[in-house]
2 protein chains.
Amino acid sequence: MVDPLRVLPPGTIRPDLMDPEPRRALRGRGTDCYHPRPGEHQEAGSKGMRVKRPTSFDIAELAGVSQSTVSRALRNDAMVSEDTRQRVAQAARLLNYKVDVNARNLRSQKTNTLALLLYEDPVTSQSLINPFFLSMLSSITKASARRGYDLLISFQQSSDDWSADYAASKRADGLIFLGYGDYLRYVDKISRLDEVSTAFVTWGPVVPGQPGHFIGSDNIQGAREGVRHLIARGRKRIAFLGDISEHCPEFRDRYTGYVEALGEAGLPVIEALYADAAASEEVGHQAILNLIGREGPIDAVFGACDLLAIGAMNGLRERSLRVPEDVAVVGFDDIVAAPFTSPPLTTIRQDTAAAGELLVENLLRLIDGRPIETTQITTSLVVRGSCGGA
Amino acid sequence: MVDPLRVLPPGTIRPDLMDPEPRRALRGRGTDCYHPRPGEHQEAGSKGMRVKRPTSFDIAELAGVSQSTVSRALRNDAMVSEDTRQRVAQAARLLNYKVDVNARNLRSQKTNTLALLLYEDPVTSQSLINPFFLSMLSSITKASARRGYDLLISFQQSSDDWSADYAASKRADGLIFLGYGDYLRYVDKISRLDEVSTAFVTWGPVVPGQPGHFIGSDNIQGAREGVRHLIARGRKRIAFLGDISEHCPEFRDRYTGYVEALGEAGLPVIEALYADAAASEEVGHQAILNLIGREGPIDAVFGACDLLAIGAMNGLRERSLRVPEDVAVVGFDDIVAAPFTSPPLTTIRQDTAAAGELLVENLLRLIDGRPIETTQITTSLVVRGSCGGA
DNA sequence: TGCTAAAATGAAACCAGTTTCATAGGGTGC
DNA sequence: GCACCCTATGAAACTGGTTTCATTTTAGCA
């Protein structure tokens, strides 16, 4: 072979090597340099001339090595000498080379991408309203970025346009499910993914038989702790505010914790339940107004999530009940707004940062067949003003 | 050629056609059927046996056509007869075939993916706190899904890990920038993308010289309308609450609208400015407390965004000032929480649904070189309780 | 210095589609 | 009956990397 050119002045034209094989052109495909040939195939793009992007063959030529060596060097493969690695890196920098991820993914059968699928009740659109999910979204993004994975995001708008074949079409290596509402409908579909050996994790209560895939907070324990705190502050008529239908098993677990704590203290269960599947400020507001007229006096409210608790505080204020003097309030989630309500909201914190980390970590473990260790996030009580106990 | 099999019972094994070309195997690569051959190459995966996924060659064989015809039929290419299309579709369904997007992207030089790059001040993390951006995120996701595009999402955590080469490495066809804070630092980098002919759009005020790429609300007009409304309700001492440093040019525009409206009515400018680059409830809360002590009585507050306005309401309540009786409050954005504050917040609505649509629409226009039409979203005043004028 | 194992490299196959190009077949106009 | 065109199709090139396999270099050691 001709002695490799270490530095190729821009525009230099090398005579093509004679092609000994007439049937199939050399892999370099004619273009032996990424610089545009004057006057050829150069329709002006939206801005300036569109130059052919450099390929690993161009890097190889410039660095004086073979293309396979370029590939190895750029991936920091073990079998490359330091000297070669340097030369390749420099050539790549010089030509502003970027790998074509599609070619890479195609051959390596790996995408380095995770897909985040946000499901939601099409009517209430809860996942988009509740800041808790934004927080999860953010931590998942960061966790996957930290591990060098890209994140595809998709909202399930209806149960029909089911984009679980993100994995089947090799767009992503694994799936993360996250959302609120219509849980059962999704769980059913999600669970079936295992059959087609698609790696996935879900934020939500464990479904029997699929231990590794379901990751969530310890909702029972969290709620128990919050209600115990209210009891310890002397509250005796504590209402639970939330929807415990099958739509949202998290809320059901929190209700269980609430009932357990009351049971320990021999206090009555007071339910501010409602049929609405949503869990917004508005719903909490309404529910507490209904409760006040119906159940007699209360001295505390435990909200199944912060938005409900905040709505309750607004409703209480409307009825001239003071928080926390007349009615103490505790929420669940610790959304970013919780410290800024008035009074600041006491709540059970879900550690979204840890949750995002765990989801991504466990998904990656599933992807390459390593065993999964934890699937539960511990919660913590954050005491602020709304429970009267700072 | 052998007569094509119209229907191939599962498990049927056809003798391989004699390979006339010894140097290079037929494109079908030996496997003439995706069904696993018993006992061969079948290490058990995490669950069950891992079967080779069907390729377009498998579909071709089952449907009795060539592989290129399969490709055309599945893409609804014009040059396929209805009969063929049906047969191919059926075969694909039967084998549960999904295209490999990496192969498709590689050859077609198109990814059908957009990348959403959320930039933010690394300290304040505003983009993740402000529900407005969640709303934008949601509408952008929906807009791109509606057009059949996937969405990659990435948070710029520092100005260093600049992932603008999402396009360069062919991960995405175009980029959407969105965020709050550190605007100038990003605009500088973003603007340079044009030089490498990367398609992009940005949510933010227009930068001179790059008209098509910058899309935003008419902030001046919106603020003017809000302040005019306060004036029409008889308010005379109206404070502006927000950071008008170069970090956030949107806020500066809103300040301009505020000053203009006051000028029309001959009223004094009262600034509740602050140095903090953040724009949270907390900051609004603090800023209004500082203002009250300093500037004498006010009868209205115009917040540069809803979070600031909500913080202001909390601060006013703390000082026993009634909203709207003593001080009227108007915000900007119309975040989802705005109707549920107490009193409900009057605000300038940014139409995030339209904004997401426009961003995606214009980006797609840039991608395939069509001209761009609009780059501005109109705002609208939403009157609720906090301005005393429902 | 010679022998052997390990490290480094190059050539070519390979991933699974899309696109180009050539061609067969059917209908139409004259 | 023949030239012509248009539709439908197949064969093969092509996309740009990674991976396998064979070969060359280098290093270590007696």
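Just so it is clear: chains get the letters A, B, ... in the order the sequence lines come, proteins before strands, and each one is counted from 1.
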- Item | Distance test, side-chain N/O of S66(A) to OP1/OP2 of dA11(C), below 4.0 Å | no
- Please state whether the phosphate of dT18(D), meaning OP1 or OP2, lies under 4.0 angstrom from any side-chain nitrogen or oxygen of S71(A). yes
- Nucleic acid contacts - residues 101-112 of chain A versus DNA chain D, non-hydrogen atoms under 4.0 Å: A103(A), R104(A), L106(A), R107(A), S108(A)
- Message: Pairing donors with acceptors under 3.5 angstrom, does anything connect the side chains of T141(A) and S138(A)?
- Response: no
- Query: Base, sugar-phosphate alone, or nothing: which one does S68(B) contact when heavy atoms must sit under 4.0 Å apart?
  - Reply: base
- Message: Is the phosphate of dA8(D) approached by T69(B) (side-chain N or O, under 4.0 Å from OP1 or OP2)?
- Response: no
- May I ask you to check whether N105(A) and T111(A) show a side-chain donor-acceptor distance below 3.5 Å? no
- Around atom CD of Q90(A), are there more than 12 heavy atoms of other residues, nucleotides or ligands at under 6.0 Å? no
- R85(A)-S81(A) side chain donor-acceptor pair, cut-off 3.5 Å: no
- Can you find an N or O donor on one side and an acceptor on the other, under 3.5 Å apart, linking the side chain of R72(A) with the base of dG10(C)? yes
- Is it true that the side chains of S71(A) and S68(A) contain a donor and an acceptor less than 3.5 Å apart? no
- Query: How are the rings of H213(B) and F200(B) set relative to one another: parallel (under 30°), tilted (30 to 60°) or perpendicular (over 60°)?
  - Reply: parallel
- Item | Given dG17(D), dA7(C), dA16(C), the nucleotide with the shortest approach to the side chain of D100(B) | dA16(C)
